[in-house]
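Down below is the structure, laid out as structure tokens.
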Amino acid sequence: MTAIASEDVLDAEALRRAADLLAGSPVLGVAVVLAAPHPDLPREAASDPRRVRVDLLALASEQHTFVIHCTCFADLRPLAPVLAGPHAPYVVFPDAHFHLTALAGLGLQVPRVGCTRTAATLLAEGVIGRHDELEISALARRHLGAALPGEWLSGQVLPAWSRLEVVAAAAAAAPALLRVLTPELRARGLSRAYELECKLLPAVVAMEAAGIGVDGPHFLAIADGWRAELQVTEAEGRRAQLEKLISTYAGWPRDFLGDDGRMRTHLHPLATDSGRFACSQPNLQQVPSEHTAPGLRSCFRAEPGNVLVVADYAQIELRVAAHLAPCAAMREVFHAGRDPHRATAATLARKPEAEVTSHERKLAKAVNFGFLFGMGARRFQEYAEGNYGLALDLAAAERAREAFFSTFPGIAAWHRKVSALQPRSAREDLTVRTALGRRKRFLAGKFSFNAALNIPVQGTAAEGFKKAMIALHPALAELGGRGILCVHDEYLAEVPEEHGEAARALVQRIMQEAMAEVVTSVPILVDSRVARHWAE
DNA sequence: ATGGTAGATAGC
DNA sequence: GAATGCTATCTACCAT
């Protein structure tokens, strides 16, 4: 493993040295980090050299082929003359992600060397979780030269590729890469999860490209309302909340609203340990709720002539947990169409489910969500207070915990089983898996009981959801519609007004069926509605 | 000034 | 024996 000096300015000479290092050597990757403005670089880069990090990644050293990552340019054309040296071909990926510590994790003692996600290794990593992404990235890297379509290696710097085009190209390359990698993925039990991610990419590309319609003036008016309220508010708690809203959200229309009145985000299907999506710039998965910022979600709306379909899974984590644990009692609740919160409340209050009051049910809801993933009584007190406005003493919290576990003994057994892994975890690595085999590895001494409970459940739910997204992509297109956002267990589509009801039924059915393929022992329910705005 | 991290808080 | 988890983004703070 070799690295070029990290503070080099990217110029023809630096590229030449990189090529020499790569040629016929066991070098896997070379990073060039620009630390000083370069006269040939665009002004936006020169003004912020920190952001100009260009990575070179050897794909197949014998072919002198490498991939260049660049994080900061919306338009890559100004870079073309810099990159068009004698050592082409290059492929340019704007807006790649960096793992500056990744090679260090391999024992490479070179500061500031980056190991990047190429558009294709993007497909591979994450399937197994970030802790061991390098193993699978190296696999993809080894096969990448053979798997990429020929035009990628044409010797041309691809001009001004948008991030979307890059991901789209990765999606196009996915089948070939999948074929090559399948035997090794299968040996690791990862082929189903990997195949899912490959199939998902086109739907993600379309969703990012679509964006979501936003009423900019209304959004800004609401933000002005926050500022006005901050002026006259004394209460420290409310002030802090308003400051958070202003600093995080007020600039969204300016920063992210396109000329066409649509806001586009970056979705990252492979960026989390669990398999859920990450989302950034802006993070549309954390738009404040109606409770926190009334009216804000109403700014997210359908175009004239269209409607939104908004659908979300009902109690998905409880259902997945009932399936995975397994917990017969909880499965029975769902099979009978009963309410799991009412069931817990009945145990807690020692009365029939039919006589449970709304306050008792509210407490039980906190109990079910809180204790499912290993929360303790102490923490539950804060949780119930903070999220549900329920004040209870430690003894009451303990009673609630016992009521939960006696209502769902299968969940208690599941916790005991995972807890039993603890002694081994001090000296050996442990792995937990989702339904499709995606894995999360805990290195020796780094085991987390709670994460070992949570990640397979979260991840399995994410897999069912991703299956639904794959199926919905072509199905909605037949109605002239499209998916526009996904928020963990919630899906937003935009369809022509005349197909609103048909699309609602379609989305609900496909989401239910897709999740049922993964979660086979518990009925799956999706709530859905047709609306002009995101908010209810 | 730049860079890294901790804690709080937005979402699920 | 006890233990929610997964994120992104902002502010504050400390080290260089």
Side-chain angles (χ1 to χ4, degrees), chain A residues 33 35 48-51 53 100-101 111-112 126 129-130 226 236-252 255-256 265-293 296-297 312-318 320-321 366-384 386-387 397-398 401 404 411 414-416 418-423 425 432 434 438 440 442 447-462 465 485-491 534:
Chain A
V33 178
D48 190 3
R50 283 174 303 150
R51 302 196 57 209
R53 297 163 168 161
L100 283 173
T101 57
R112 303 182 59 93
R130 287 176 300 178
W226 299 334
E236 200 39 56
R238 180 62 180 163
R239 288 187 61 85
Q241 186 176 45
L242 288 165
E243 281 166 7
K244 176 68 175 177
L245 291 175
I246 291 163
S247 66
T248 304
Y249 304 106
W252 277 15
D255 296 334
F256 301 113
T265 187
H266 292 182
L267 293 165
H268 314 286
L270 293 171
T272 68
D273 277 4
S274 63
R276 284 184 4 166
F277 278 84
C279 176
S280 63
Q281 294 191 310
N283 184 350
L284 287 181
Q285 295 187 328
Q286 57 174 198
V287 177
S289 63
E290 283 299 287
H291 179 254
T292 307
L296 195 67
R297 287 199 178 200
D312 67 295
Y313 288 100
Q315 307 111 8
I316 191 59
E317 292 199 336
L318 284 173
V320 174
V367 167
N368 282 343
F369 290 131
F371 293 127
L372 181 64
F373 297 121
M375 192 184 285
R378 226 197 178 86
R379 181 71 206 281
F380 177 75
Q381 279 183 281
E382 303 168 26
Y383 169 75
N387 293 271
E398 294 281 10
R401 191 163 188 272
F404 172 75
I411 300 295
W414 169 48
H415 284 204
R416 284 195 298 274
V418 173
S419 176
L421 298 173
Q422 188 85 316
S425 69
V432 295
T434 61
R438 182 192 173 93
K440 158 70 183 176
F442 297 99
F447 185 74
S448 160
F449 168 72
N450 306 91
L453 293 174
N454 182 284
I455 286 175
V457 174
Q458 244 189 52
T460 298
F465 190 36
L485 191 62
C486 56
V487 191
H488 306 310
D489 65 349
E490 182 180 20
Y491 187 87
W534 190 2

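Chain A is the first sequence line, chain B the second, and so forth, proteins listed ahead of strands; every chain is numbered from 1.
- Closest to the side chain of A:N283, from the set B:dC12, C:dA8, C:dG5, is C:dA8.
- Looking at heavy-atom distances under 4.0 Å, A:E382 makes no contact with the nucleic acid at all.
- The environment of A:R239 atom CZ is dense: over 12 non-hydrogen atoms of other residues, nucleotides or ligands sit within 6.0 angstrom.
- Residue A:E317 contributes atom CD, which lies 16 Å from atom P of B:dG11 at whole-angstrom precision.
- A:E243 CD to A:T248 OG1: the interatomic distance, rounded to the nearest 0.5 Å, is 11.0 Å.
- Residue A:A278 places its side chain closer to C:dT7 than to any other of C:dA3, C:dT7, B:dG11.
- The one candidate from A:N454, A:V367, A:I411 that meets the side-chain contact (heavy atoms from CB on, under 4.5 Å) condition with A:L372 is A:I411.
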So which protein N/O to nucleotides 10-14 of chain C N/O distances come out below 3.5 Å?
unit_1	atom_1	unit_2	atom_2	d
C:dC10	O3'	A:S247	OG	3.4

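- OP1 and OP2 of C:dA3 both lie 4.0 Å or more from every side-chain N or O belonging to A:S448.
- The CD-C1' distance, from A:Q286 to C:dA8, rounds to 5 Å in whole Å.
- Close to B:dA10, at under 4.0 Å from its OP1 or OP2, lies no side-chain N or O of A:T292.
- Nucleic acid contact for A:R297: sugar-phosphate only, since backbone atoms but no base atoms lie under 4.0 Å from a heavy atom of the residue.
- Taking 4.0 angstrom as the limit, A:R379 places a side-chain polar atom (N or O) nearer than this to OP1 or OP2 of C:dT4.
- Residues A:F449 and A:S274 each lie close to DNA chain C; by heavy-atom proximity, the contact nearer the 5' end of the strand is made by A:F449.
- Among the protein residues, A:G376 comes within range of the sugar-phosphate backbone only, with heavy atoms under 4.0 Å from sugar or phosphate atoms but none that close to a base.
- A:Q458 comes within 4.0 angstrom of a base, heavy atoms only.
- Note: OH (A:Y383) to P (C:dG5) measures 13 Å, nearest angstrom.
- When the side-chain nitrogen and oxygen atoms of A:Q241 are compared with OP1 and OP2 of B:dA10, one or more of them lie within a distance under 4.0 Å.
- In this structure, A:Y249 reaches the sugar-phosphate backbone alone: every heavy-atom distance under 4.0 Å involves primed, P, OP1 or OP2 atoms, never a base.
- A sub-4.0 Å separation between OP1 or OP2 of C:dT4 and a side-chain N or O of A:N454 is absent.
- Comparing C:dA2 with B:dA10, their C1' atoms sit 29 Å apart, to the nearest whole Å.
- Taking every side-chain heavy atom of A:Q422 into account, C:dA2 is the closest of C:dA2, B:dA10, C:dC6.
- When heavy atoms are screened at a 4.0 angstrom cut-off, A:V457 is found touching no nucleic acid atom at all.
- By the 30° and 60° cut-offs, the orientation of the rings of A:Y249 relative to A:W252 is perpendicular.
- Ring geometry, A:F404 versus A:F371: the interplanar angle falls from 30° to 60°, so the pair is classed tilted.
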